[in-house]
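Below is one structure, written out as structure tokens, with a few remarks after it.
Proteins get letters first, then strands, A, B, ... in listed order; numbering begins at 1 in each.
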Number of protein chains: 2
Amino acid sequence: MRPSTSPGAGREHTPGPRPRLSRELIAETAIGLAEHEGVRALTMRRLATRLSVAPGTLYTYVSGKDDLELLVLDTLVGQQDRLPHTLPGTWREQVEAWAKNDWDGYVRHPWVMELRFRVSGGGPNMIAWLDSALRVFEGTGLSDRQRLDVVETVDGFVRGSAVLHLRSDDAMTGGATAPTPEMRTALGEAPDLVAALTARAAGPTTDRFEFGLRCLLSGVQEVIDAADRP
Amino acid sequence: MRPSTSPGAGREHTPGPRPRLSRELIAETAIGLAEHEGVRALTMRRLATRLSVAPGTLYTYVSGKDDLELLVLDTLVGQQDRLPHTLPGTWREQVEAWAKNDWDGYVRHPWVMELRFRVSGGGPNMIAWLDSALRVFEGTGLSDRQRLDVVETVDGFVRGSAVLHLRSDDAMTGGATAPTPEMRTALGEAPDLVAALTARAAGPTTDRFEFGLRCLLSGVQEVIDAADRP
DNA sequence: GGTATTTCTGAACACTGTTCAAAATTATAA
DNA sequence: TTATAATTTTGAACAGTGTTCAGAAATACC
């Protein structure tokens, strides 16, 4: 009923026809589909077509679309080559590296974020990643709970920052669509916003993600210092 | 073709039947629908049924579902009773109040977040809110661009933190659904994570949102101090 | 060979957003 | 008053979605 494991998982001597698909193949194909045709094209039918298979077939490998999306996310996490706690440097350098890496991934592949905010729960790779992120703070005097707080805070910041980076810029000013008359009047009554937007557009691309990350990590540093020698 | 304004907007003496609906009524009904039956029940047809109207009728008030979702979000923002810069206290107290308020809203009405991460662009109320948030930093020595950076950083943090608060807790440990055997083995190889989760479950609900917010604002404070007297 | 077990198919179901000609309704001009 | 033009509403339709399920096809074990 809820096959979250591939059909021929354990051994190869179950009766019935050989499975022509696998969870891994489905995940890779789904990623390719989302990458090339957008996340809106990631439908069961299109995926089945790409795999030269009837739509219903997918349901022997995946319990539904939610499960598929979770599988895709978990596969992507598993494709990262280095876990956080294996990175070089201090805890702060490790966090900066992992955060920057995640942020790059989100910005380069915006469709991933759309999934991240819809999918709930986590797969094995996500769990492994989270555990590794916790180990980054082994040297510091933070408690178990504080470590989890910090990791989730940073992770949440990265996601929130990435989605704003992709959305607000062109959307607020009306980049793609022509600005509605309503919007024009609203902007007319928002002088500070217009000033800030034009200032940003004029100058070079100051990386406000790194700016925010520095702010956040400085705050974490304070907590660590306080916890280290009370 | 793209009616982002209500039909009988300007005056009441245009020919044709009196509009039985309005953008406001549609927004309120949509909010009620999402609130009571979940955001997945917010479909054009159900909304039309609730309004005792044919599905196609909605398209004279709203250009499509994207526009409807944006309208819902903008309406919610407009329902907030106080704009950030009208709150009492220092910039830091104002930011804390607005961030906490937003966070409460997201946690209390999780369906709002699901929209926030799908909808791009902003309506008049969102623009007004953003402008108000910028004015919070009028006393500080921050530049226009820095102010926008800070506001977006805080806003992104709030969203990211809220989505994690709603997702990771019960989902990771398998709150709703029974934990898959795969998950159990994955958790077996993640001792730090298990320790942190149990520690969190055992103790009282330490508000890790406020923890992260304090971290972030401490970092912002540093930047302001640096900008104030160089 | 027979049997049990599994995978795969193809059709169906109940939805979804969206479009569009025609009908119904109203304000203004003749 | 009647006619005209403009606008809203309708109901049906289209293409697409996730999901289910009886039956057909394929394989390992006895």
Side-chain angles (χ1 to χ4, degrees), chain A residues 1-26 29-30 33-34 37-72 114-115 118-119, chain B residues 1-26 29-30 33-34 37-72 114-115 118-119:
Chain A
M1 280 289 168
R2 294 199 117 235
S4 69
T5 63
S6 206
R11 278 291 79 208
E12 284 291 355
H13 51 87
T14 56
R18 265 75 170 268
R20 304 202 304 199
L21 271 44
S22 69
R23 282 202 128 218
E24 290 73 22
L25 179 61
I26 288 179
T29 311
L33 187 59
E37 308 192 33
V39 75
R40 287 199 150 167
L42 179 52
T43 72
M44 297 302 247
R45 286 183 148 85
R46 285 169 104 106
L47 183 58
T49 307
R50 271 221 172 185
L51 290 162
S52 308
V53 127
T57 304
L58 297 177
Y59 287 83
T60 55
Y61 299 87
V62 156
S63 71
K65 206 191 176 188
D66 292 353
D67 190 30
L68 172 69
E69 291 177 344
L70 177 59
L71 173 63
V72 165
E114 202 149 331
L115 286 193
R118 183 170 37 217
V119 172
Chain B
M1 281 290 169
R2 295 197 114 235
S4 70
T5 64
S6 206
R11 280 288 80 211
E12 285 290 355
H13 51 87
T14 55
R18 266 71 170 273
R20 305 202 305 201
L21 272 43
S22 68
R23 281 201 130 218
E24 290 74 23
L25 178 60
I26 289 179
T29 311
L33 187 59
E37 308 191 33
V39 76
R40 286 199 150 167
L42 178 53
T43 71
M44 297 300 247
R45 287 184 145 86
R46 285 170 105 106
L47 183 56
T49 306
R50 272 220 171 183
L51 290 162
S52 306
V53 126
T57 305
L58 297 177
Y59 288 84
T60 55
Y61 299 88
V62 156
S63 71
K65 207 193 176 187
D66 291 353
D67 191 30
L68 172 69
E69 291 178 342
L70 177 59
L71 173 63
V72 165
E114 203 150 331
L115 285 193
R118 183 169 36 219
V119 172

- Message: Could you report the tightest heavy-atom contact between A:P55 and A:A48, atom names first, then the distance?
- Response: CA-CB, 3.7 Å
- Query: Expressed in angstrom and rounded to an integer, what is the separation of A:I26 atom CD1 from C:dT7 atom P?
  - Reply: 12 Å
- Determine the minimum heavy-atom distance between A:S52 and A:R20, stating which atoms define it. O-NH2, 3.7 Å
- Item | Smallest separation among heavy atoms of A:L25 and A:T29, with atom names | O-OG1, 2.7 Å
- Query: Do the side chains of B:D67 and B:R23 get nearer than 4.5 Å, heavy atoms only?
  - Reply: yes
- B:D67 CG - C:dT18 P separation (whole Å): 10 Å
- Task: Of all the heavy-atom pairs spanning B:M44 and B:K65, show the shortest one and how long it is.
- Result: CE-N, 3.9 Å
- Message: Rounding to an integer number of Å, can you tell me how far A:Y61 OH sits from C:dT7 P?
- Response: 7 Å
Identify the pairs formed between an N or O of the protein and an N or O of nucleotides 18-20 of chain D at a distance under 3.5 Å, and give each distance.
{"from": "D:dG18", "atom 1": "OP1", "to": "A:M44", "atom 2": "N", "distance (Å)": "3.3"}
{"from": "D:dG18", "atom 1": "OP1", "to": "A:K65", "atom 2": "NZ", "distance (Å)": "3.4"}
{"from": "D:dG18", "atom 1": "OP2", "to": "A:M44", "atom 2": "N", "distance (Å)": "2.9"}
{"from": "D:dG18", "atom 1": "N7", "to": "A:R45", "atom 2": "NH1", "distance (Å)": "2.6"}
{"from": "D:dG18", "atom 1": "O6", "to": "A:R45", "atom 2": "NH1", "distance (Å)": "3.3"}
{"from": "D:dG18", "atom 1": "O6", "to": "A:R45", "atom 2": "NH2", "distance (Å)": "3.3"}
{"from": "D:dT19", "atom 1": "OP2", "to": "A:Y59", "atom 2": "OH", "distance (Å)": "2.8"}
{"from": "D:dT19", "atom 1": "OP2", "to": "A:K65", "atom 2": "N", "distance (Å)": "2.9"}
{"from": "D:dT19", "atom 1": "O5'", "to": "A:Y59", "atom 2": "OH", "distance (Å)": "3.3"}

Name the pairs: protein N/O against N/O of nucleotides 22-26 of chain C, kept only if under 3.5 Å.
{"from": "C:dT25", "atom 1": "O2", "to": "B:P17", "atom 2": "N", "distance (Å)": "3.3"}
{"from": "C:dT26", "atom 1": "O4'", "to": "B:G16", "atom 2": "O", "distance (Å)": "3.3"}
{"from": "C:dT26", "atom 1": "O2", "to": "B:G16", "atom 2": "N", "distance (Å)": "3.1"}

- Note on the structure: For A:L33 and A:A41, the nearest pair of non-hydrogen atoms, with its separation, is CD2-O, 3.6 Å
- Query: D:dT8 phosphate, OP1 or OP2: any side-chain N/O from B:T60 under 4.0 angstrom?
  - Reply: no
- Nearest-Å distance, CG (A:L58) to P (C:dG10)? 14 Å
- Can you find a heavy atom in the side chain of A:L58 that is under 4.5 Å from one in the side chain of A:L68? no
- Task: Taking side-chain contact (heavy atoms from CB on, under 4.5 Å) as the test, write out the residues that go with B:T49, two or more places apart.
- Result: none
- Message: Tell me the closest heavy-atom pair linking A:P19 and A:Y61, and the distance in Å.
- Response: CB-OH, 3.2 Å
- Interatomic distance where CG belongs to A:L25 and C1' belongs to C:dC8 [whole Å]: 16 Å
- How long is the line joining CG of A:L33 and C1' of D:dT17, in whole Å? 14 Å
- Task: Grab the CG-C1' distance between A:L47 and D:dG16 for me, whole Å please.
- Result: 16 Å
